[in-house]
Amino acid sequence: MNTSILFRRLSLEYKIRRLAEEDIQDIYELSKENTEYHKYCKTESSVENSKEILTNLPLDKEIKDKYVIGFYKEGKLKALLDLIAEYPDKDTFFIGLLIISRECQRKGAGTEIVNEISKFLKRKKYGYIRLGCIKENKKAEKFWMKNGFYTVKEVSQEKYTVTVMERKL
């Protein structure tokens, strides 16, 4: 996949770039705004957890398959999208995380990002986007359903149940 095209064309409103180790402080600052997510995950925002955003992968995937994309405006990280290529199959991209800054929430930023990545992946001939949403997080589930995702299955985890959702491209 040509990531330079992905970054340039994903948004006209934001400066887009792939995030790396030097962006940990920006990731942490954005992450700590997202208190609801941490409540449902039963974790706390920390620099260490922010580092893990750059490296967490399913067992059968490699770091080259992971794209953590930052959306910047006025020099500040406003959104983060974590994508895993061709997971769980060759026809699907997986959203590991979408974080929108508090000031950009409820203004269409999340929907814009989801729609733009969907258009891009459809042009690249992928068929689906998939994600996991914590079942108890009804606000997040409502957002994903509004954006064309539907429930595929539920998976019990140690701390919570995950609703696996998917969108056909």
Side-chain angles (χ1 to χ4, degrees), residues 1-41 43-57 61 63-87 92-124 126 128-134 137-149 165-167 169:
M1 168 181 283
N2 186 339
T3 58
S4 63
I5 292 172
L6 173 68
F7 300 152
R8 276 199 318 262
R9 296 190 180 164
L10 207 50
S11 175
L12 297 174
E13 186 175 344
Y14 300 96
K15 180 182 176 194
I16 310 288
R17 66 181 173 82
R18 194 170 187 175
L19 298 177
E21 187 76 26
E22 61 268 14
D23 301 305
I24 293 299
Q25 192 60 39
D26 288 349
I27 295 169
Y28 171 64
E29 293 298 324
L30 181 66
S31 176
K32 74 180 181 182
E33 286 183 28
N34 200 342
T35 56
E36 217 169 300
Y37 170 78
H38 292 289
K39 176 180 85 172
Y40 289 112
C41 285
T43 63
E44 292 186 24
S45 180
S46 68
V47 172
E48 194 57 40
N49 288 345
S50 297
K51 287 178 184 177
E52 288 177 7
I53 290 172
L54 294 174
T55 59
N56 280 349
L57 280 167
K61 296 307 289 180
I63 201 69
K64 69 177 180 62
D65 299 320
K66 185 173 179 84
Y67 301 89
V68 181
I69 304 165
F71 296 75
Y72 283 84
K73 193 172 193 177
E74 298 169 357
K76 186 174 179 196
L77 183 62
K78 301 292 184 174
L80 176 150
L81 178 64
D82 171 17
L83 289 170
I84 300 169
E86 300 181 355
Y87 181 79
T92 306
F93 260 65
F94 192 89
I95 296 175
L97 193 58
L98 173 63
I99 305 174
I100 308 293
S101 72
R102 194 173 297 269
E103 69 186 79
C104 295
Q105 291 176 7
R106 293 177 184 50
K107 296 180 181 175
T111 295
E112 177 187 343
I113 290 168
V114 169
N115 287 335
E116 290 302 318
I117 193 64
S118 296
K119 287 179 206 171
F120 174 82
L121 293 173
K122 186 174 184 174
R123 284 192 308 270
K124 295 293 184 186
Y126 288 95
Y128 299 90
I129 298 179
R130 187 175 272 204
L131 58 91
C133 179
I134 297 173
N137 190 346
K138 296 301 179 192
K139 192 166 135 184
E141 181 181 54
K142 184 177 176 182
F143 167 81
W144 293 114
M145 290 178 76
K146 176 187 88 159
N147 284 285
F149 287 78
M165 302 179 83
E166 183 171 274
R167 175 177 170 170
L169 300 174

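Model, not experiment: these values are computed from the prediction.
- In terms of heavy-atom proximity, F93 sits nearest to A85 at CZ-CB, 3.5 Å.
- Listed here is the closest heavy atom pair of T55 and K66: N-CE, 3.9 Å.
- In summary, the side chains of R18 and Y67 do not present any donor paired with an acceptor at a separation below 3.5 Å, with no hydrogens or angles considered.
- In this structure the side chain of R17 reaches within 4.5 angstrom of the side chain of Y72, judged on heavy atoms.
- Here the CD1 atom belonging to I99 is positioned 10.0 Å from the CD atom belonging to Q105, to the nearest 0.5 angstrom.
- The two residues G132 and F94 come nearest to each other via the heavy atoms N-CZ, 3.6 Å.
- Taking CG from L77 and OG from S31, the interatomic distance works out to 10.5 Å, rounded to the nearest 0.5 Å.
- The residue from N56, L54, D23 that alone fulfils the side-chain contact (heavy atoms from CB on, under 4.5 Å) condition with V68 is L54.
- Here the straight-line distance linking atom CG of L83 with atom CG of L121 works out to 7.0 Å at 0.5 Å rounding.
- Residues forming a salt bridge (charged side-chain N to carboxylate O under 4.0 Å, His left out) with K146 (at least two apart in sequence, or on another chain): none.
- Legend: residues meeting salt bridge (charged side-chain N to carboxylate O under 4.0 Å, His left out) with K119, ordered by chain and number and at least two apart, are E116.
- In terms of the side chain to side chain contact (heavy atoms under 4.5 Å, CB included) criterion, residue partners of F149 (sequence neighbours excluded) are, by chain and number, I95, V114, I129, L131, W144, N147, M165, R167.
- Considering only residues two or more places apart in sequence or on other chains, T92 meets the side chain to side chain donor-acceptor pair (under 3.5 Å) condition with D89.
- Evaluation of the ring-ring contact (aromatic ring centres under 6.0 Å, His included) rule for Y128 yields no partner, not counting sequence neighbours.
- Every residue meeting the side chain to side chain contact (heavy atoms under 4.5 Å, CB included) condition with K139, not counting sequence neighbours, appears here in chain and number order: E36, R106, N137.
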Inset, instruction - Report the C-alpha separation of Y28 and N49 in whole Å, then their side-chain angles, then the decisive distance to 0.1 Å, and conclude whether the side chain to side chain donor-acceptor pair (under 3.5 Å) test is met. - result: CA-CA 8 Å; Y28 171 64; N49 288 345; over 6 Å; no
Inset, instruction - Take K107 and E112, measure what side-chain contact (heavy atoms from CB on, under 4.5 Å) needs, and give me the verdict at the end. - result: CA-CA 10 Å; K107 296 180 181 175; E112 177 187 343; over 6 Å; no
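- Listed by chain and number, the residues in a side chain to side chain donor-acceptor pair (under 3.5 Å) with E33 amount to none (sequence neighbours excluded).
- The line from CD of E52 to CG of L57 is 12.0 Å long, rounded to the nearest 0.5 Å.
- Applying the salt bridge (charged side-chain N to carboxylate O under 4.0 Å, His left out) rule to E29 yields the partners K32; only residues at least two apart in sequence or on another chain are considered.
- Nearest heavy-atom pair across L80 and F71 is N-CD1, 4.4 Å.
- For K138, the salt bridge (charged side-chain N to carboxylate O under 4.0 Å, His left out) partners are E141, not counting sequence neighbours.
- In this structure, S50 and I24 approach most closely via the heavy-atom pair O-CD1, 4.0 Å.
- Relative to the six-membered ring of Y14, K73 meets both conditions, a distance below 6.0 Å and an angle of at most 45° to the axis.
- In this view, K51 satisfies the side chain to side chain donor-acceptor pair (under 3.5 Å) rule with no residue, not counting sequence neighbours.
- No salt bridge links K61 with E86; every basic N to acidic carboxylate O contact stays at or beyond 4.0 Å.
- Contact check for E103 versus K76: side-chain heavy atoms found under the 4.5 Å cut-off.
- How far CD of E21 is from CD1 of I27: 8.5 Å, rounded to the nearest 0.5 Å.
- Nearest heavy atom pair, residue I100 against residue A109, reads CG2-CB, 4.2 Å.
- Judged as a side chain to side chain donor-acceptor pair (under 3.5 Å), and not counting sequence neighbours, Y87 has no contacts.
- With a 4.5 Å cut-off on side-chain heavy atoms, K122 and Y126 do not count as touching.
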